[in-house]
Protein chains: 2
Amino acid sequence: MSPAGRPRAFVIEGVLEAAMRLFWEQGYEATSMAQLREATGLSSASLYGAFGSKQGLFERAVEHYLAGPGSVTDVIADEALSPREAVARMLHGSIDMQTDTSHPRGCLVALSGIVRAPGDDDAAVRRTIAARRAMDRARIRACVVRGVATGELAGETDVDGFTSMIHGFLLGVSTQVCDGTPARDLHAAADAALAAWHAPSARAAGARAADARAAGV
Amino acid sequence: MSPAGRPRAFVIEGVLEAAMRLFWEQGYEATSMAQLREATGLSSASLYGAFGSKQGLFERAVEHYLAGPGSVTDVIADEALSPREAVARMLHGSIDMQTDTSHPRGCLVALSGIVRAPGDDDAAVRRTIAARRAMDRARIRACVVRGVATGELAGETDVDGFTSMIHGFLLGVSTQVCDGTPARDLHAAADAALAAWHAPSARAAGARAADARAAGV
DNA sequence: AAAATTACGGAGTGATCGATCCGAATGTGG
DNA sequence: CCACATTCGGATCGATCACTCCGTAATTTT
């Protein structure tokens, strides 16, 4: 069973947790291997042996984030919920997560790898994060499309425009959280954004939402 | 008149323009003095003689940005406009500016100095940018307050919540622009956000049964 | 014209970056 | 007990970081 050779004396998950927090607080560029060494208590050889490079460690840390705190946005893909309910839960859930004081502020995906790097060396990092943002956006768009299909949203709704409004607000929450905007204001802001989600036929929308709630979370 | 001594052989404005573009594309941390030297054609001695430090150059470059492309948001403070019109012009104007291909994408203020730096050395940089974001926010809030006063907005409008919705969307536009979202979608998104400006009190009390799922470790 | 003042190009500062190498340590399969 | 494989701590690599120093050039002031 054991892969032969000296077994590693640390747990991968613990290292990823520490690395995730550092990258979350400081971003990829600003986080140094020296800090990662200190935070994990490991030597360079151990880190490079396990993850190959700083980029490799970052990508593993992002996966760790997506499986943990970052998973709050996955509710958007729950087709058992009404589209509006799914979007609402994603926004409020993300705000709750980002303002949770038990870990760094904001969203790792929204904050990392936005600006271009000096060389081409970390273009892969930016692509990794940008791909995740694109996925979130696609999921929101699918919800908007569903909303139009179910009649929750007016038929003449600009799908890409409405998607950009929701996604843009979600992305902007991270910056606001880092700047200290209170969670209360952000929740109220999410409600304001969702207010645009008015139904032309409130009856059908309400029935669908009720069904979704009855189905449970 | 002349300040005695050898006159400088370059124009400050030209250097600030080049530096602004580099910082705009890459952010403060990722931009090196070597790049700034190459882009400006100046030596280290000239740059440090004129600006004192990398931070000093950055702050001057930010001022240059705010007086140039960044000035598009100033329309928000124009009290000759109706509050809604002022917000609308700011949003659409900012989108036009950020998607203009004659300069780097996005907004320098929204993109720079969000994540924490490794040391305390550039805390001043983050504070400079964050202060500008706070000013934009305050101006938006003043518009919302005016809107309630003039009756454009419902009296029971959550002022800070509505402000956060507009400001959050504005901040999120930068990330979307960097990710390649078309200007058309963003303009439509701004309209969608502004649609809430007319929305009467039909706002649902945020049904956020939200989660507790959250935050990993 | 001489002195004083400022800007210039370019080499060089210590520090830190990500990444690698090495010998010792600790396992498994024969 | 013995190769073999893998990980360990620690020293170290060249490159690059922001920044400074020095000798020289170009002006104004005396």
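Sequence lines set the chain letters: A, B, ... in the order given, protein chains first and strands last, and positions in each chain run from 1. The analysis underlying the following values was restricted to heavy atoms, covering all of them including side chains, and did not include hydrogens, waters or symmetry mates. Quick caveat: nothing in here was measured; it's all calculated off a predicted structure.
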Over all strands shown, is A/A9 touching base, sugar-phosphate only, or nothing at heavy-atom distances under 4.0 angstrom?
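A/A9: backbone/sugar contact only, no base atoms under 4.0 Å.
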Which is true for B/F10 with a 4.0 Å heavy-atom rule: it touches a base, it touches only sugar-phosphate, or it touches nothing?
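Counting heavy atoms under 4.0 Å across all strands, the contact made by B/F10 is with sugar-phosphate only.
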Rounded to whole Å, please give me the gap between [atom1] in [X] and [atom2] in [N].
| X | N | atom1 | atom2 | value |
| --- | --- | --- | --- | --- |
| B/L47 | D/dT20 | CG | P | 13 Å |
| A/K54 | C/dC17 | NZ | P | 9 Å |
| B/L36 | D/dA18 | CG | P | 8 Å |
| B/F51 | C/dA7 | CZ | P | 12 Å |
| B/R8 | C/dA7 | CZ | P | 5 Å |
| A/Y28 | C/dC17 | OH | C1' | 12 Å |

Correct closest heavy-atom pair for B/L194 and B/R84 would be O-NH2, 3.4 Å
Reading DNA chain D from 5' onward, which residue's closest nucleotide shows up sooner: B/A34 or B/G5?
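Residue closer to the 5' terminus by nearest nucleotide: B/A34.
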Check ion pair [X]-[Y] (N to O, under 4.0 angstrom):
| X | Y | value |
| --- | --- | --- |
| A/D160 | A/R137 | no |
| B/R132 | A/D179 | no |
| B/R21 | B/E25 | no |

List in chain and number order the residues that pass ring pair (Phe, Tyr, Trp, His ring centres under 6.0 Å) with B/F169, two or more places apart in sequence or in another chain; answer none if no residue qualifies.
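Residues passing ring pair (Phe, Tyr, Trp, His ring centres under 6.0 Å) with B/F169: none at all.
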Ring pair (Phe, Tyr, Trp, His ring centres under 6.0 Å) partners for B/F58, two or more places apart:
B/F23, B/Y28
Please evaluate the base of D/dT7 for a donor-acceptor partner in the side chain of A/R6 within a cut-off of under 3.5 Å?
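When only heavy-atom distances are counted, A/R6 does reach the base of D/dT7 through a donor-acceptor pair under 3.5 Å.
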All N/O contacts under 3.5 Å from nucleotides 9-12 of chain C to the protein, with atom names and distances to one decimal?
{"unit_1": "C/dG9", "atom_1": "OP2", "unit_2": "B/S43", "atom_2": "OG", "d": "3.2"}
{"unit_1": "C/dG9", "atom_1": "N7", "unit_2": "B/S43", "atom_2": "OG", "d": "3.3"}

Donor on one side chain, acceptor on other, A/Q176 and B/R133, under 3.5 Å
no
Do you see a donor-acceptor pair shorter than 3.5 Å between the side chains of A/R105 and A/S174?
no
In residues 15-23 of chain B, which ones come under 4.0 Å of DNA chain C, going by heavy atoms?
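Nucleic-acid contacts, sorted: none.
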Within residues 56-63 of chain B, which residues have any heavy atom lying less than 4.0 Å from an atom of DNA chain C?
none
Side chain of B/P7 only, please: which of D/dA26, D/dC19, C/dC17 is the nearest?
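Per side-chain heavy atoms of B/P7, the pick is D/dA26.
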Which nucleotide wins on minimum distance to the side chain of A/Y48, given the candidates D/dA25, D/dC19, C/dT20?
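So the nucleotide nearest the side chain must be C/dT20.
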Step-by-step side chain to side chain donor-acceptor pair (under 3.5 Å) determination, A/R37 to A/S43:
CA-CA 6 Å; A/R37 255 179 287 145; A/S43 65; over 6 Å; no
Parallel, tilted or perpendicular: which one describes the rings of A/W197 and A/F162, with boundaries at 30° and 60°?
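Because their plane-to-plane angle is over 60°, the rings of A/W197 and A/F162 count as perpendicular.
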Pairs in or reaching into residues 55-73 of chain B: which pass salt bridge (Lys or Arg N to Asp or Glu O under 4.0 Å), with residues at least two apart or in two chains?
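Found none.
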